[in-house]
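Residue numbers begin at 1 in each chain, while the letters A, B, ... track the order of the sequences.
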Amino acid sequence: MQPKKSYNLLLGIFIFFGIVIFALAIYLVGKKQNLFTSNVKVMAIFTDVSGLTVGNNVRFSGIDVGTVSNIRILSENEVRVELSIQSSVMPFIRKNSVATIGSEGLMGNKTVTIIPGTMEKRMLTGGDTLTTIQPVNIDEILIEIQKSSENIAVVSQNLIDITDRIKVGEGVFGKIFTDTSLTVSLDKASRNVVMITSNLNKISERVSQGEGILGKLLADTAISVNLGEASSNLIFITENLEGITDKINRGEGIFGKLFTDTTLAQNLYQAGQHINESSEELEIITRNLNEITEKINSGKGLINKLIADSAFADSVDMAVIRLNRGIVSVTEASETIKRSRMIRLFSKKKKRPEDNKSK
Amino acid sequence: MLSFSTRVFKQKIMRTTGQDEGFTAQLKDFFVDFGSLARFTGKVIRELFKKTTEFREFLRQAYYVGYKSLPLVGITAFILGLVLTLQTRPVMADLGAEAWLPGMVIVSIIREIGPVITALIFTGRVASGFGAELSSMRVTEQIDAMEVSGINPVKYLVVTRVMAATLMVPVLVIYSDGIAFIGSFFGVNIQSSITFQLFLKNAFDSVHFYDIIPATIKTFFFGFAIGVISCYKGYYTDRGTAGVGLAANSAVVSSSLAVFVIDLIVVQLTELII
């Protein structure tokens, strides 16, 4: 047997270190659950906690800052989750921070994730209630996946039908894959495209060398100067037009009156009506004239004779000549009579020959 | 009227001489044995709470069953942690959950493997010793001599041993868990690289108080059961040298069985409570 003191010492050391290891384990587990740090209780109310249990972690910006300390049902659609959060983190959790329920990986435990708010809002204090976002339910995701898979099945069936139709040469795509003439046409088209592109290449070369109108446009600076001047002139013209239209809008000038003066428009309207009436009367006159001229042309009436019958014209001419001679003779005779004394004796107007002359 | 110990001796003599055989007789023996054990346990508990204790003998026993068992328990625990990690690793790697390996191993060790394996090793080393020691004392009439000389043999021999076993098994389990944890760390680092800090974090992220507390409480029951059963087997052994071996063997077997039965009951109770 060993000396008493020796085994007592060794036994003491053995038990002491055993207790130390146990205490260390308790500390590590307790530290994880924030038992040895100052904590603040904060509330969050969810409709569905999705399997969250007491002891699950609380994460803020991806860091474990606390644990779920209590879960209590308030009503049929309200579950209050009490979060125990380290006091040292509280200054960073603002009033508009949002809590949601997440998961530690695909198969991990549930966590309460606090999404940071803005620093303008006030700091969250003990007993405050965080705004919450309802977590995404796995069942809902599965339902969506099921719907999507059903849609995919329909789409794939349609694709099968389409490919079957293509396979038998139906439709445009069927022609593409089965019709050899189409490939020949495409071949020709591609050759044409090659030619067109080569032509375009040549054209672009010529243009780049300054040949032709396009070349001039691109290379000749004088044209560009002229175009610049033309554009400035256009600007000037448009400015003038703008001024004119302004004046017209203001009612200045004839056009302004035309567009703005209602009395002028009324007068013009009346004038137009008068013209219309006059034109109707003119139409009647022209119709009558037309009838007259038709009659004249047909050889009826005196005027026709005057116009068309040269013998009559000659006779008329002769008659006029004779009449003229007669008138002259009568005039001379009357003058002779006037001058005769016999007549003057019986004439009442013999004393006032000036008055008769004026009349 | 025959005393309790005399009746037990008589039953065992009848069994060894073939006077009472058959299934019914064996069943009767089992229940008699069980009842005797219960009475013995009650006697030990009564003695345990009496003021006068053999504290020096208790310390001596604690030293031998606790401290002296540490190397064996330590080596076993280290290998256990290492092997458990290496065996679990491929499955976890297939699942893409290698980060969970430390947590899974440490929870397995703390909740189940550490206490049970340590208790079994303790049984193998200590229960056999208790059984052999007490049975040889019985065979050589040392216990009778103690009774004659006015020393309470149950108090001096049994209570000290039961107390030592009850208190040392939990301490050994704590060491066992700690050493297995280190073994697991080596196991992880054999095929990959992980810092001790990260390993510690990953491991203790999965550990909760409801893993540690029930597992620690049940180790007291393990120690008590091992101590009581092995002392009972040795205390009431047959007269003769063959009885010493039988007592040692029976102590180990019965104690091991008791460890598993207690483990089953504690696990069920834990599930009900937590």
> For residues B:T123 and B:S255, is any side-chain donor paired with an opposing acceptor at under 3.5 Å?
Replying inline: no
> So what's closer than 4.5 Å to chain A heavy atoms on B:L59: side chain, backbone, both or neither?
Replying inline: both
>> Between B:R161 and B:E54, is the salt bridge (Lys or Arg N to Asp or Glu O under 4.0 Å) condition met? List the steps.
In response: CA-CA 10 Å; B:R161 281 171 173 76; B:E54 299 290 341; over 6 Å; no
> Side chains of B:Q142 and B:T140: donor-acceptor distance under 3.5 Å anywhere?
Replying inline: yes
> Of the backbone (N, CA, C, O) and the side chain (C-beta and beyond), which part of A:I26 lies under 4.5 Å from a heavy atom of chain B, both, or neither?
Replying inline: both
> Taking NZ, NE, NH1 and NH2 as the nitrogens, is one of them in A:E150 or A:K147 under 4.0 Å from a carboxylate oxygen of the other?
Replying inline: no
>> Looking at chain A, which one of B:I110, B:I174, B:L172 has the largest number of heavy-atom pairs inside 4.5 Å, strictly under?
In response: B:I174
> Relative to chain A, which of B:L200, B:I213, B:D205 shows the most heavy atom pairs under 4.5 Å?
Replying inline: B:D205
> chain A: which of B:G178, B:G66, B:A203, B:P170 shares the most heavy-atom pairs with it under 4.5 Å?
Replying inline: B:G66
> Is the side chain of A:N39 donor-acceptor paired with the backbone N or O of A:G66 at a distance under 3.5 Å, no angle test?
Replying inline: no
